[in-house]
Number of protein chains: 2
Amino acid sequence: MMRIGQLAQIAGIDTQTIRFYEKQGLLPLPDRQQNGYRIYNEKHGERLAFIRRCRILDLSLTEIRELQRYQDDPHQPCTAVNAMLDEHISHVQSQIIALQTLEKHLVSLRACCNDDREIEACGVLAGISEGNMYSQ
Amino acid sequence: MMRIGQLAQIAGIDTQTIRFYEKQGLLPLPDRQQNGYRIYNEKHGERLAFIRRCRILDLSLTEIRELQRYQDDPHQPCTAVNAMLDEHISHVQSQIIALQTLEKHLVSLRACCNDDREIEACGVLAGISEGNMYSQ
DNA sequence: ATTGACCTTATAGTGACTATATAGTTTTAA
DNA sequence: TTAAAACTATATAGTCACTATAAGGTCAAT
């Protein structure tokens, strides 16, 4: 039995974030003291830890809600869970490829200028302005 | 001389986005017809193309504003432009590394389950719930 | 009695758009 | 000529996952 501040400290997050997750339907409504303070138990702590670990995996709050629904129905087959993860992995891989392309692009742009010029002659600005940005 | 729709078509973006850039101070205020319609010239088109190319490089609107200020002062040295790009490259590289770590993490989690289980026994959900997420 | 630490709710801000609502204007077709 | 379609205008809200701020209530210790 603890109040929001203690739960926040244990979970390593802000009290605001806990209230936010509650409002988002990710955390079950806690009991309240007579003064209105929220009271949490260990179940809340576990639920919060699950949410946090999902967030570390960069799952969206919607995906987390979906995972929680699966957990509440433990005799379903878990294909949907695996499918979600597969799709998430694809998404992350796409992001990586996009960023690697961007990086190449930026590095080759950077190579167009040393630091000893005036703005007017800056190869970087010229490179952006001229717009042959997809010509490798 | 063209109206916003034509400029949008040429630039390949939405009219809303043009008005948004104007409000953000990225596009100079265009003249207006008697009916209030905005009128653009080629300079606006070039400016918009510059903005778009910067966005393709994933530069923020703030960074673009900064680049525009440099362009307006063409006899400054261009060290700041290059520094901005260097920092942006570092930022992109950090993102790539973070995503690659995440991908490894997700792939190893995915390997904890085949598709033929019940939710209760799902290795993926267990992997998230158990929380030994940083033990490689 | 008051300070400080904690708790409450409600609201606004972040970034870069995107969508919606409402209304006025111009162009095209019947 | 009139009515519909296509364009323009402004203002406001929504996206995502928080984060910050405001304004106030509660509690323990000094």
Side-chain angles (χ1 to χ4, degrees), chain A residues 1-27 29-40 44 47-68 88 91-92 95 98-99 102, chain B residues 1-27 29-40 44 47-68 84 87-88 91-92 95 98-99 102:
Chain A
M1 293 307 213
M2 52 189 154
R3 295 191 312 200
I4 197 167
Q6 198 182 344
L7 180 62
Q9 199 177 9
I10 289 169
I13 60 176
D14 198 282
T15 57
Q16 299 271 55
T17 306
I18 294 176
R19 294 193 195 97
F20 172 73
Y21 287 158
E22 177 184 319
K23 199 178 287 181
Q24 296 296 308
L26 290 168
L27 264 183
L29 293 176
D31 290 338
R32 299 282 186 142
Q33 289 177 341
Q34 289 138 331
N35 56 18
Y37 289 14
R38 292 169 177 82
I39 320 173
Y40 295 99
H44 290 98
R47 193 72 126 162
L48 201 50
F50 182 81
I51 296 168
R52 286 277 97 190
R53 284 192 290 265
C54 288
R55 292 294 301 130
I56 287 167
L57 296 173
D58 206 27
L59 294 167
S60 69
L61 300 192
T62 299
E63 287 170 320
I64 297 170
R65 251 187 303 266
E66 212 177 319
L67 285 182
Q68 289 183 344
H88 189 55
H91 175 66
V92 170
Q95 281 184 282
L99 284 172
L102 175 59
Chain B
M1 292 305 212
M2 51 191 155
R3 296 192 310 200
I4 197 167
Q6 198 182 344
L7 180 61
Q9 200 177 9
I10 290 169
I13 59 175
D14 198 284
T15 56
Q16 298 272 55
T17 306
I18 294 175
R19 295 193 195 97
F20 171 73
Y21 286 159
E22 177 184 318
K23 199 178 288 181
Q24 296 295 308
L26 291 168
L27 264 184
L29 293 176
D31 290 338
R32 300 281 187 142
Q33 289 178 340
Q34 289 137 331
N35 56 18
Y37 289 12
R38 292 168 176 81
I39 320 172
Y40 296 98
H44 291 97
R47 193 73 124 161
L48 200 50
F50 181 81
I51 295 169
R52 286 276 98 189
R53 285 193 288 266
C54 288
R55 293 294 301 131
I56 288 168
L57 298 173
D58 206 28
L59 294 167
S60 69
L61 300 192
T62 300
E63 286 169 322
I64 297 170
R65 252 187 302 266
E66 211 176 319
L67 285 181
Q68 290 183 343
M84 181 197 289
E87 197 169 347
H88 188 56
H91 175 66
V92 170
Q95 281 184 281
L99 284 172
L102 175 60

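By convention in this document, chain letters (A, B, ...) are assigned in the order of the sequence lines, proteins followed by strands, and residues within each chain are numbered from 1. As a basis for the values below, the full set of heavy atoms in this structure was taken, side chains included, without hydrogen atoms, waters or symmetry mates.
- Residues A:Leu67 and A:Cys54 approach most closely at CD1-SG, 4.0 Å, considering heavy atoms.
- Of all nucleotides listed (D:dA9, C:dT8, C:dA16), C:dA16 comes nearest to the side chain of B:Phe20.
- Closest to the side chain of B:Arg3, out of C:dC7, D:dC7, D:dA17, is D:dC7.
- Annotation for A:Gln24: atom CD counts as buried by contact number, over 12 foreign heavy atoms lying within 6.0 Å.
- Partner of B:Ile18 under the side-chain contact (heavy atoms from CB on, under 4.5 Å) criterion, chosen from B:Leu26, B:Leu48, B:Ile51: B:Leu48.
- The interatomic distance linking B:Met2 (CE) with D:dT8 (C1') rounds to 16 Å, in whole Å.
- Per the geometry, CD belonging to A:Gln6 stands 18 Å off P belonging to C:dA5, to the nearest Å.
- In the displayed structure, A:Gln33 atom CD is contacted under 6.0 Å by more than 12 heavy atoms of other residues, nucleotides or ligands.
- No engagement by B:Arg65 is indicated, since no non-hydrogen atom pair under 4.0 Å with the nucleic acid exists.
- Close to D:dT8, at under 4.0 Å from its OP1 or OP2, lies no side-chain N or O of B:Asn35.
- In this structure, the side chains of A:Arg38 and A:Leu29 stay at 4.5 Å or more apart for every pair of heavy atoms.
- Atom P of nucleotide D:dT8 and atom CE of B:Met1 are separated by 16 Å, given to the nearest angstrom.
- Taking side-chain N and O atoms only, B:Arg32 has a distance below 4.0 Å to OP1 or OP2 of D:dT10.
- B:Ile39 places its CD1 atom 16 Å from the P atom of C:dT25, with the value rounded to the nearest Å.
- Applying the 4.0 Å criterion to OP1 and OP2 of C:dC17, one finds that B:Tyr21 has a side-chain N or O inside that range.
- Contact check, A:Arg55 against D:dC18: a side-chain N or O comes under 4.0 Å of OP1 or OP2.
- Judged by closest nucleotide on DNA chain C, A:Tyr40 is the one of B:Arg52 and A:Tyr40 placed further toward the 5' end.
- Rounded to a whole Å, the CD atom of A:Gln16 is 13 Å from the C1' atom of C:dG13.
- In this structure, A:Thr17 and A:Gln33 both approach DNA chain D, and ranking their closest nucleotides by distance from the 5' end singles out A:Thr17.
- Between B:Tyr21 and B:Arg52, the side chains place a donor N or O and an acceptor N or O closer than 3.5 Å (distance only, hydrogens not considered).
- Taking side-chain N and O atoms only, A:Thr15 has no distance below 4.0 Å to OP1 or OP2 of C:dC6.
- Between the P atom of D:dC16 and the CD atom of A:Gln24 lies a distance of 9 Å, rounded to the nearest Å.
- One interatomic measurement links the two molecules: NZ of A:Lys23 to P of D:dT19, which rounds to 15 Å at whole-angstrom precision.
- With rounding to whole Å, A:Glu63 atom CD is found 13 Å from D:dA17 atom C1'.
- The phosphate of C:dT9 (OP1 or OP2) has a side-chain N or O of A:Arg38 nearer than 4.0 angstrom.
- The side chain of B:Tyr37 approaches D:dC7 more closely than any other nucleotide in the set C:dC17, D:dC7, C:dT9.
- In this model, the phosphate group of D:dA20 is not approached by any side-chain N or O of A:Arg19 to a distance below 4.0 Å at OP1 or OP2.
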